[in-house]
Amino acid sequence: MSRTSAPAPVDRPVDAPLSHGLKQRHLSMIALGGVIGAGLFVGSGAGIAAAGPSIVIAYAISGLLVMLVMRMLGEMSAANPASGSFSVHAERAIGPWAGFTAGWAFWFLLCVAVGLEGIGAAKIMTGWLPGTPEWAWVALFMLVFCATNLAAVKNFGEFEFWFAALKVGAIALFLGIGVLAILGILPGTDAPGTANLTGDGGFMPNGSEGLVVGLLASVFAYGGLETVTIAAAESEQPVQGVAKAVRTAMWRIALFYIGSMAVIVTLVPWGDPKVVEKGPYVATLDHLGIPAAGQIMNVVVLVALLSAMNANVYGASRMACSLVARGQGPKALGKVFGGVPRIAVLVSSVFGFACVLLSYWRPNDVFMWLLNMIGAVILVVWIFIAVSQLVLRRKLEREAPEKLVVKMWLYPGLTWVALAGMAAVFVLMAREADTRTQLYYTGGLVLALAVVGYIRQVAVAAKVDVQAEAEAVDAEVGKG
């Protein structure tokens, strides 16, 4: 079997009785659009302010790490599609406690993120319609996407397809305009040359420290790609779907992220305060004299936020459903109606809305506490992915080599390189005061989940042993 072909029998996920309403076009756009969010459109400004033109290197390094992680996840998900994705793989490779820890940590991350995205979208709406309350907009968005996810999965797929298409189209247009401006072809502009790349302090104006801050910002801007492997389990052809989506998404996202950063720092002086105040994309379009640039990008950012809300409600509900199906959570959450885990959707939405309320009631303690807890969760998930791939790859090669439709490059060498990269990011986080706090809180959350998961694992194992012993005794009595 070739690396690009799929096994004849289509593997269906076994961890939850979900529907299979997603098409290949849905998966491809979810893979592309899921990672393109406000972190890129707005948050990247802080990275540029810290690293200057060297932000391109930061995004290239972190992009390489993410490509390795997605290749590993793609290998495991194509071999065994499951709505629990990396949580299922961690359980198979390391043990039930690992699946419990990775799954519930990621669920918590997605639910808090839903609240953050709702707040961001509401701020844009109140900017357009002054006097309207932010909480009302958040409530409206939550109701819309809760309803979308309560319906058939194909509705979620359609929403994400068009949301992602708009975001991808906006970045492609931005890159096109930027390249024309760099070449001096765009009317009313002169080619900037390398003035902004080498002037004002040089390519790395704040030295290695600035590059480190930019690197940390870029790592977390890539979060969101994992959703495609969760969604693949509900596609018409899970194996082929995840294989194609992962392959095409990786290089395109690298192009969008690294290409965008290169265009921005070439055209706009990195020290321009507008890069942080308005966001790097708006600052670049303003610099080029594009009419109504701010409002155009506000629309794109709003779509990015709403898309992320939709995707995160979906991902959280599927992760919860998968965990329950494997005996890792309250049974009520795992009930599926018409192929949709509606109770899990409702609970995930309610938790997200509760995070929004906390941002109003306790913005300086409880809400910041939640934000710090999710600060490094995605790195923890990546570590579980890498360790799981090291274990499962050997098992697949021994027991079912035909399932290796997607293969990790240069296994196991690049897997170990990726793990070393993740360890390096943790070390860098520990050196910075702001990220060090996130590291402590995330560590506390993960440790608590790991302890609970291990206790559950031991209890289940003990119960199985007792049942086996009882059955053995009954068998002996029967013989007597």
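Only this structure's heavy atoms are used, side chains among them; waters, hydrogens and symmetry mates stay out. Being a predicted model, the structure only gives us computed values, none of them experimental.
Under the 4.5 Å side-chain criterion, counting only non-hydrogen atoms from C-beta, Pro205 is in contact with Trp270. Put simply, the side chain of Val263 reaches to within 4.5 Å of the side chain of Phe174, judged on heavy atoms. For the pair Leu175 and Phe256, the minimum side-chain heavy-atom distance is below 4.5 Å. No side-chain heavy atom of Arg92 sits under 4.5 Å from any side-chain heavy atom of Ser388. Looking at Lys274 and Val282, their side chains never come closer than 4.5 Å, going by heavy atoms from C-beta outward. Under the 4.5 Å side-chain criterion, counting only non-hydrogen atoms from C-beta, Ile182 is in contact with Leu267. When side chains are defined from C-beta on, Leu305 counts as touching Val301, because their heavy atoms get closer than 4.5 Å. Residues Val340 and Arg318 form a side-chain contact, since some pair of their non-hydrogen atoms from C-beta on lies under 4.5 Å apart.
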Step by step, work out the side chain to side chain contact (heavy atoms under 4.5 Å, CB included) result for Met422 and Leu65.
-> CA-CA 8 Å; Met422 296 169 207; Leu65 177 60; 4.3 Å; yes
Start with the C-alpha gap between Trp162 and Glu158, add the side-chain angles, then the distance that decides, and say whether side chain to side chain contact (heavy atoms under 4.5 Å, CB included) holds.
-> CA-CA 6 Å; Trp162 293 109; Glu158 284 298 320; 3.3 Å; yes
Is there a salt bridge (charged side-chain N to carboxylate O under 4.0 Å, His left out) between Glu209 and Arg431 once you walk through the steps?
-> CA-CA 10 Å; Glu209 289 299 316; Arg431 291 178 54 193; 2.6 Å; yes
Full working for side chain to side chain contact (heavy atoms under 4.5 Å, CB included) between Leu302 and Met125 | CA-CA 8 Å; Leu302 177 65; Met125 294 304 300; 3.8 Å; yes
Decide side chain to side chain contact (heavy atoms under 4.5 Å, CB included) for Leu215 and Ile61; before the verdict, give the C-alpha distance in whole Å, the side-chain angles of both, and the deciding distance to 0.1 Å.
-> CA-CA 8 Å; Leu215 178 62; Ile61 294 172; 4.0 Å; yes
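Considering all non-hydrogen atoms of both residues, Leu110 and Gly315 come closest at CD1-C, 3.5 Å. Shown here for Ala376 and Leu439, the closest heavy-atom pair between the two residues is CB-CD1, 4.2 Å. Counting all heavy atoms, side chain and backbone alike, Asn196 lies closest to Val268 at ND2-N, 3.7 Å. Contact detail for Met319 and Ser87: the closest heavy-atom pair is SD-CB, 3.6 Å. Nearest approach of Thr189 to Ala181, heavy atoms of both residues: OG1-CA, 4.1 Å. Residue Gly375 comes nearest to Thr442 through the heavy atom pair N-OG1, 3.5 Å, listed as atom of the first residue, atom of the second, then distance.
Under the 3.5 Å distance criterion, the side-chain polar atoms of Thr415 are left unmatched by any main-chain donor or acceptor of Tyr411. At least one donor-acceptor pair under 3.5 Å links the side chain of Thr132 to the backbone N or O of Leu129. Side chain of Asn310 to main chain of Leu306: no donor-acceptor pair is present (N/O by atom type, distance under 3.5 Å, no hydrogens or angles). In this structure a side-chain-to-backbone donor-acceptor pair under 3.5 Å is missing from Asn206 to Ala51. The main-chain N or O of Met429 is found under 3.5 Å from a side-chain atom of Thr435 such that the two form a donor-acceptor pair. A donor-acceptor contact shorter than 3.5 Å is absent between the side chain of Ser307 and the backbone of Val303.
The aromatic rings of Tyr59 and Tyr257 sit tilted, their planes meeting at an angle between 30° and 60°.
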For residues 102-109, please give each side-chain donor-acceptor pair under 3.5 Å, one per line with the distance, not counting sequence neighbours.
{"unit_1": "Trp104", "atom_1": "NE1", "unit_2": "Gln328", "atom_2": "O", "d": "2.8"}
{"unit_1": "Trp107", "atom_1": "NE1", "unit_2": "Ser348", "atom_2": "OG", "d": "3.1"}

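Taking CD1 of Ile258 as the reference point, atom CD1 of Ile55 lies at 11.0 Å (rounded to 0.5 Å). With rounding to the nearest 0.5 angstrom, the CG atom of Leu414 is 8.5 Å from the CE atom of Met72. For the atom pair Phe384 CZ and Phe86 CZ, the distance stands at 10.0 Å (nearest 0.5 Å). Within the model, atoms OG1 of Thr194 and CZ of Phe203 stand 11.5 Å from one another, a figure rounded to the nearest 0.5 Å. The line from NZ of Lys403 to CG of Asn80 is 4.5 Å long, rounded to the nearest 0.5 Å. Here the OG-CD1 distance, from Ser322 to Ile230, works out to 9.0 Å after rounding to the nearest 0.5 Å.
Ion pair Arg393/Glu75 flagged as a salt bridge, since at least one NZ, NE, NH1 or NH2 atom sits closer than 4.0 Å to an Asp/Glu carboxylate oxygen.
Every pair passing salt bridge (Lys or Arg N to Asp or Glu O under 4.0 Å) that includes a residue from residues 285-294 is listed here, sequence neighbours excluded: Lys278-Asp286.
Using modelled atom types, one finds no donor on one side chain facing an acceptor on the other under 3.5 Å when comparing Ser44 with Tyr281. Looking only at atom types and distance, the side chain of Thr126 has no donor-acceptor partner in the side chain of Trp137 under 3.5 Å away.
Applying the side chain to side chain contact (heavy atoms under 4.5 Å, CB included) criterion to Thr437, with sequence neighbours excluded, gives Asn372, Tyr441.
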